[in-house]
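Contents: one structure, followed by commentary.
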Amino acid sequence: MIQLRYDTTALEGSKEHYFHFLHGYLLPGLSLCLKAGFQRARFEDCGPLMNLRLHEACRLAAIEAGPPIADDTAPGQGGDDPVMPRWDKPLLRYNKPMPDLRQRWAYRSQVGRLRARLLRAARRDCRDRGSLATWKSIDVLVIERSPEHAFYQAGGGASIPTYGRGRRALQNTDEIAAHLGTRGRSALAIDIGSLPLSDQIMAFHNASAVVGVRGAEFANLIWMRRRSRAVMFSTPVRARNNGACTLADIYGIRFVSPEVETDFISINPKAVEAYLGQ
């Protein structure tokens with residue numbers, strides 16, 4: 001058994017929010033366990049939504065997840081608990097250039113074995129549960145954001161409040177998916193955050209394109225195939241978070257991020273079609 005700590009000193013973000021949870025805690029933790037041969041691990045409490053994904057990911061990686069480390073548990077009981085490297089830090093690259101070839105190769109090498117392992121396990125899991133055929137048939141994912149869980153509302157316990165639709169949303173996802181369907185694209189409007197992790201992985205891996213507003217769902221670009229497309233609508237920000245764009249650059253995904261005026265938007269479906277064709 002190993003206890004794994006989340007690094008709160010590296011940069012902003014929270015283990016309770018999916019992008020930082022996935023790339024800044026879960027994937028580095030699983031990678032360390034697999035390289036060092038640990039079969040059991042304890043992670044910190046990441047809130048009700050992320051704890052669920054944590055246990056799903058550990059099952060896919062064939063690692064037993066122990067009970068969460070309580071917030072008042074002193075680090076280093078019986079030895080120093082390792083603090084996980086924040087793999088989200090090189091991804092976010094606030095107002096910095098995209099990674100060069102050497103940096104892209106280094107990141108892919110660092111994540112490669114674990115990514116391949118989770119893809120294989122997710123494929124088996126979805127096949128066994130009968131959902132794999134669905135994801136193989138979907139061409140375009142139109143991302144609906146998840147309703148805001150009570151944990152992320154004011155006074156709900158999250159260190160950084162608001163989540164999903166409480167922050168921003170694409171409001172006409174069904175209209176966009178229906179229009180793309182008339183143009184010969186198999187499109188599905190879906191709340192990707194409501195799916196088990198294995199289905200999230202397979203949905204992104206099999207899709208040739210994803211469409212949505214800036215949000216943690218785009219952390220799943222790591223599962224997409226080379227030359228797939230991602231369209232992420234975003235309001236102008238003072239310090240642009242390049243996490244999704246950097247993932248796209250690393251994995252050869254054709255990425256565009258059109259600017260919009262508000263966080264709660266409806267987009268002309270013909271405009272979406274045009275972005276997908278770029």
Side-chain angles (χ1 to χ4, degrees), residues 18-19 22 53 91 115 118-119 122-123 125-127 129-147 164-165 167-235 241-260 262-278:
Y18 185 64
F19 194 100
L22 181 67
R53 302 298 168 235
L91 296 177
R115 178 179 181 271
L118 293 176
L119 281 168
R123 185 178 294 107
D125 191 52
C126 288
R127 183 187 60 229
R129 290 187 293 102
S131 61
L132 184 59
T134 297
W135 305 126
K136 286 186 173 181
S137 70
I138 301 301
D139 180 28
V140 182
L141 296 174
V142 185
I143 304 299
E144 297 177 354
R145 305 216 69 202
S146 300
R165 294 179 205 170
R167 289 192 168 187
R168 60 190 72 88
L170 180 57
Q171 297 178 316
N172 64 327
T173 53
D174 288 333
E175 180 189 11
I176 292 169
H179 173 79
L180 293 174
T182 67
R183 309 298 291 176
R185 308 289 295 266
S186 174
L188 178 66
I190 188 166
D191 171 7
I192 203 78
S194 68
L195 300 175
L197 182 62
S198 57
D199 286 274
Q200 294 188 38
I201 292 172
M202 283 294 99
F204 270 77
H205 184 67
N206 285 283
S208 65
V210 296
V211 177
V213 296
R214 180 170 61 91
E217 298 85 359
F218 282 86
N220 284 321
L221 293 185
I222 190 174
W223 315 118
M224 294 191 80
R225 293 171 292 180
R226 181 174 174 80
R227 299 191 66 77
S228 52
R229 293 180 183 272
V231 179
M232 186 185 79
F233 296 99
S234 179
T235 52
N241 174 345
N242 285 317
C245 185
T246 308
L247 276 174
D249 195 59
I250 290 170
Y251 288 101
I253 299 164
R254 292 173 286 187
F255 179 89
V256 293
S257 185
E259 287 194 350
V260 293
T262 176
D263 286 327
F264 299 91
I265 57 171
S266 293
I267 300 293
N268 187 322
K270 292 183 178 178
V272 175
E273 181 186 3
Y275 286 122
L276 289 176
Q278 289 180 356

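Numbers for residues simply follow the sequence, beginning at 1.
Remark: side-chain polar atoms of D139 are not paired, donor with acceptor, to backbone N or O of A209 under 3.5 angstrom. No donor-acceptor pair closer than 3.5 Å links the side chain of T173 to the backbone N or O of A189.
Contact annotation: the side chain of D191 approaches that of P147 to within less than 4.5 Å [non-hydrogen atoms, C-beta and beyond]. Here the side chains of W223 and R115 are in contact, with some heavy-atom distance below 4.5 Å. Using a 4.5 Å heavy-atom threshold, the side chains of R129 and S198 count as touching. Between Y18 and N220, the closest side-chain pair of non-hydrogen atoms falls below 4.5 Å. With contacts defined as side-chain heavy-atom distances shorter than 4.5 Å, the pair L276/R185 qualifies. Under the 4.5 Å side-chain criterion, counting only non-hydrogen atoms from C-beta, L221 is in contact with V210. Between P269 and L180, the closest side-chain pair of non-hydrogen atoms is not below 4.5 Å. A 4.5 Å side-chain heavy-atom check between N172 and L170 finds at least one atom pair inside the cut-off.
Evaluation of the ring pair (Phe, Tyr, Trp, His ring centres under 6.0 Å) rule for F233 yields Y275 as partners, not counting sequence neighbours. For L188, the side-chain contact (heavy atoms from CB on, under 4.5 Å) criterion is met by W135, I138, I190, not counting sequence neighbours.
Within the model, atoms CG of L132 and CZ of R123 stand 7.5 Å from one another, a figure rounded to the nearest 0.5 Å. Distance CG/L197 to CG/L22: 7.5 Å, rounded to 0.5 Å. Annotation: the span from R145 atom CZ to Q171 atom CD amounts to 12.5 Å, rounded to 0.5 Å. Taking CD1 of I250 as the reference point, atom CG of L91 lies at 5.0 Å (rounded to 0.5 Å). Rounding to the nearest 0.5 Å places CG of L119 at 8.5 Å from CD1 of I222. Remark: R225 CZ to N206 CG distance equals 5.5 Å, nearest 0.5 Å.
Heavy-atom minimum distance, S257 versus M232: OG-O, 2.8 Å. Heavy atoms only, all atoms of each residue included: A203 and I192 are closest at CB-CD1, 3.9 Å. Nearest heavy-atom pair across A244 and F19 is N-CE1, 4.3 Å. The two residues A122 and M202 have their closest heavy-atom pair at O-CG, 3.9 Å. Between R53 and S194 the shortest heavy-atom distance is NH2-C, 4.0 Å. Smallest separation of non-hydrogen atoms from L247 and A219: CD1-O, 3.6 Å.
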Evaluate side chain to side chain contact (heavy atoms under 4.5 Å, CB included) for N242 paired with D249, printing each intermediate quantity in order.
CA-CA 10 Å; N242 285 317; D249 195 59; over 6 Å; no
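The number of heavy-atom neighbours closer than 6.0 Å to CZ of R183, taken from other residues, nucleotides and ligands shown, is 12 or below.
Side chains of T235 and R168: a donor-acceptor N/O pair is absent below 3.5 angstrom, by distance only.
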